[in-house]
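Here, residue 1 is the first one in the sequence, and each next residue gets the next number.
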Amino acid sequence: MTSVSGGADMVDWNLAVATATRLVRPGPEVSRAQAAEVVAELRQHALEAEEHVREFTGMRSASLTAATATPVLIVDRPGWVRANVAGFRTIVQPLVEKLQARRSAGAAAGVFGSVGEKATGIEVGALLAFLSSKVLGQYETFAPGEASLEAPDSPAALFDKPRLGPAGPGPGRLLLVAPNIVQVERELDVNPADFRLWVCLHEETHRTQFTAVPWLRDHIQSEVQSFLAETDVDPGALLDRVREAAGSLGGGLTGLGARGDGSSSAGLLEVVQSPAQREILGRLTAVMSLLEGHADVVMDGVGPAVVPSVSEIREKFQQRRDRGANRLDLVLRRLLGMDAKLRQYQDGAVFVRGVVDRVGMDGFNRVWTSPNTLPTKEEIHNPAAWVARVGR
């Protein structure tokens, strides 16, 4: 198999989409009229949330063009899969090129590459199918640049349909996964209109972060590319690292995600990281904790003025986060590092509130001055240290 662009690839992306589409869980049962109402309401709430977030944070887009170039897409679960495949293709391209350079010429290598791409495509598809029912919304930082939407399957189509390619950097886009939002609001038994606006406030905060801070996207992309550049594609070296990690884990599945010092790891992928990658990942973790925690603080800060039932929603939503799901979901969450994602919300929110309490929102906004004013991994857990270094 070859990639959409026509060259040998690490993943058969078309097969990944097909696999995920077959495996994706069905969403909640709604009539077509109800679905259309949800889509229309989410579009409206996304527009309303934009001004609420800017007013609360004091952050404004660097230009009108930056704000309008990042569209809001209302998608179903297969649409979310397609959007993320497009983003994955963009961000892993340097790693793909590195693997291609290593491959030896010849028919045998070509056959092995084809089989490998298919197998990886199935694996990626299964992973995306699992995740597609978990995500309420997402700001896609590395969305493809051109032709982000395909023509709808029919004039009556309800959901936006992201394109699979071409790969290449774009300005970003905001995704709202309508079936998942409806499913969670029903599980929590909360006011649907309030919950939908509350979710939009969180996701709109992410869009504001990237449109108001022009250097942020390039900084994160540079860190990610540095991480990928450090990837060792030598199978022998990789196997040695896995063996070393397996010896330190020792305790089977119950030991995954925990180090010897009792602290939590980022998940199973950490076992194949080099020391340089762990250093880069530490910086990325700090940035992502800041972004997620900031969004949580904003959604709750704006909430009382525009979301009457925000206290009830937050309490029930936090209980849902803490409770988790069934045993299989809990194991998968740990393997995939999703527990680390939940900690990012908590640690980042404590940092943001700690800084705002000390120096106010204007003082906190100095965090967006440059990469040097971002909190370190240690400062995320010590807001006073960041204030001492930057905030005053």
Side-chain angles (χ1 to χ4, degrees), residues 27-28 30 34-61 66-77 79-80 83-84 132-141 143 148-149 158-160 162 171-188 190-212 291-318 320-321 341 345 348-349 352:
V30 296
Q34 289 173 318
E37 181 182 346
V38 171
V39 170
E41 188 171 5
L42 287 174
R43 293 193 194 280
Q44 182 60 37
H45 283 332
L47 291 174
E48 295 172 6
E50 182 177 357
E51 188 55 38
H52 291 316
V53 170
R54 281 155 173 71
E55 183 68 25
F56 182 83
T57 63
M59 301 172 67
R60 297 281 168 178
S61 297
T68 56
T70 55
V72 178
L73 276 57
I74 313 299
V75 297
D76 57 7
R77 290 171 179 175
W80 180 87
N84 277 270
S132 67
S133 64
K134 309 296 180 184
V135 179
L136 302 182
Q138 171 187 353
Y139 183 78
E140 251 200 311
T141 313
S148 61
L149 286 177
L158 290 175
F159 300 106
D160 296 317
R173 59 189 178 190
L174 182 61
L175 306 178
L176 295 170
V177 191
N180 297 348
I181 293 174
V182 172
Q183 178 172 312
V184 173
E185 71 191 26
R186 289 180 177 180
E187 289 177 1
L188 299 182
V190 294
N191 181 285
D194 284 2
F195 184 75
R196 294 165 195 173
L197 176 55
W198 189 69
V199 171
C200 288
L201 288 170
H202 181 102
E203 303 308 332
E204 178 56 41
T205 302
H206 288 316
R207 185 162 72 150
T208 298
Q209 290 163 347
F210 285 93
T211 57
L291 299 182
E292 296 295 357
H294 182 236
D296 256 19
V297 169
V298 171
M299 72 194 296
D300 288 343
V302 174
V306 298
V307 182
S309 59
V310 64
S311 297
E312 177 192 2
I313 290 174
R314 165 54 73 188
E315 181 180 357
K316 290 184 175 181
F317 193 77
Q318 190 60 49
R320 183 178 183 271
R321 274 183 181 173
K341 176 74 168 178
Y345 289 100
V352 173

Peer 1: Side chains of Glu48 and His52 only: does a donor on one sit below 3.5 Å from an acceptor on the other?
Peer 2: no
Peer 1: In the structure I gave you, are the side-chain heavy atoms of Glu140 and Leu73 within less than 4.5 Å of one another anywhere?
Peer 2: no
Peer 1: Regarding Asn191 and Ser309, do their side chains bring together a donor and an acceptor under 3.5 Å, going by distance alone?
Peer 2: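 Their side chains do not contain a donor-acceptor pair, so the 3.5 Å distance test is not met.
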Peer 1: Mind checking the CZ-CD1 spacing from Arg320 to Ile313? Nearest 0.5 Å is all I need.
Peer 2: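 Those atoms lie 13.5 Å apart.
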Peer 1: To check you understand the geometry: which heavy-atom pair defines the closest contact between Phe159 and Val75, and what is its length?
Peer 2: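 Looks like CD2-C, 3.7 Å.
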Peer 1: Looking at CG of Leu188 and CZ of Arg314, how far apart are the two atoms once the value is rounded to the nearest 0.5 Å?
Peer 2: 11.0 Å
Peer 1: Distance-only criterion, 3.5 Å: show the donor-acceptor pairs between side-chain atoms of residues 176-184 and protein atoms not counting sequence neighbours.
Peer 2:
{"from": "Asn180", "atom 1": "OD1", "to": "Arg77", "atom 2": "NE", "distance (Å)": "2.6"}
{"from": "Asn180", "atom 1": "OD1", "to": "Arg77", "atom 2": "NH2", "distance (Å)": "2.9"}
{"from": "Asn180", "atom 1": "ND2", "to": "Ser132", "atom 2": "O", "distance (Å)": "2.7"}
{"from": "Asn180", "atom 1": "ND2", "to": "Val135", "atom 2": "O", "distance (Å)": "2.7"}
{"from": "Gln183", "atom 1": "OE1", "to": "Arg77", "atom 2": "NH2", "distance (Å)": "2.8"}
{"from": "Gln183", "atom 1": "NE2", "to": "Glu187", "atom 2": "OE2", "distance (Å)": "3.3"}

Peer 1: Let me confirm one number: the CZ-CE distance from Phe210 to Met59, rounded to the nearest 0.5 Å.
Peer 2: 10.0 Å
Peer 1: For Glu312, check salt bridge (charged side-chain N to carboxylate O under 4.0 Å, His left out) against everything at least two apart and list the hits.
Peer 2: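 Glu312 satisfies salt bridge (charged side-chain N to carboxylate O under 4.0 Å, His left out) with Lys316 only.
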Peer 1: Flag the pair Val310 / Asp194 as yes when at least one side-chain heavy-atom distance between them is below 4.5 Å, and no otherwise.
Peer 2: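 No. Closest side-chain heavy atoms not under 4.5 Å.
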Peer 1: Where is the tightest heavy-atom contact between Glu203 and Tyr139, given as atom of each residue plus distance?
Peer 2: OE1-N, 3.9 Å
Peer 1: Quick one: salt bridge (charged side-chain N to carboxylate O under 4.0 Å, His left out) partners of Arg43, sequence neighbours excluded?
Peer 2: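 For Arg43 the salt bridge (charged side-chain N to carboxylate O under 4.0 Å, His left out) partners, ignoring immediate neighbours, are Asp160.
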Peer 1: Of all the heavy-atom pairs spanning Gln34 and Val30, show the shortest one and how long it is.
Peer 2: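 Result for this residue pair: OE1-CA, 3.4 Å.
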Peer 1: Does some side-chain heavy atom of Thr208 sit less than 4.5 Å from a side-chain heavy atom of Phe56?
Peer 2: no
Peer 1: Inspect the contact between Glu51 and Arg54 and indicate whether a charged nitrogen and a carboxylate oxygen are less than 4.0 angstrom apart.
Peer 2: no
Peer 1: Kindly determine whether Trp198 and Asp300 satisfy side-chain contact (heavy atoms from CB on, under 4.5 Å), including the steps that lead there.
Peer 2: CA-CA 8 Å; Trp198 189 69; Asp300 288 343; 3.3 Å; yes
Peer 1: What are the two closest heavy atoms between Arg60 and Ala212, and how far apart are they?
Peer 2: O-CB, 3.0 Å
Peer 1: How far apart are the closest heavy atoms of Pro71 and Gly172, and which atoms are they?
Peer 2: CD-O, 3.5 Å
Peer 1: Kindly give the heavy-atom pair with the smallest separation between His45 and Ala193, and that separation in Å.
Peer 2: NE2-O, 3.4 Å
Peer 1: To the nearest 0.5 Å, tell me how far Leu175 CG sits from Leu136 CG.
Peer 2: 12.0 Å
Peer 1: Hey, are the side chains of Arg196 and Val38 touching, using non-hydrogen atoms and a 4.5 Å cut-off?
Peer 2: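 Yes. Closest side-chain heavy atoms under 4.5 Å.
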Peer 1: Can you confirm whether the side chains of His206 and Gln209 place a donor and an acceptor under 3.5 Å from each other?
Peer 2: yes
Peer 1: Side-chain contact, heavy-atom cut-off 4.5 Å: Phe195 with Val307?
Peer 2: no
Peer 1: Measuring only between side-chain heavy atoms, which start at C-beta, is His202 closer than 4.5 Å to Asp296?
Peer 2: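 Counting from C-beta outward, His202 and Asp296 do come under 4.5 Å.
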Peer 1: Would you say Asn84 and Gln138 make side-chain contact, with heavy atoms under 4.5 Å?
Peer 2: yes
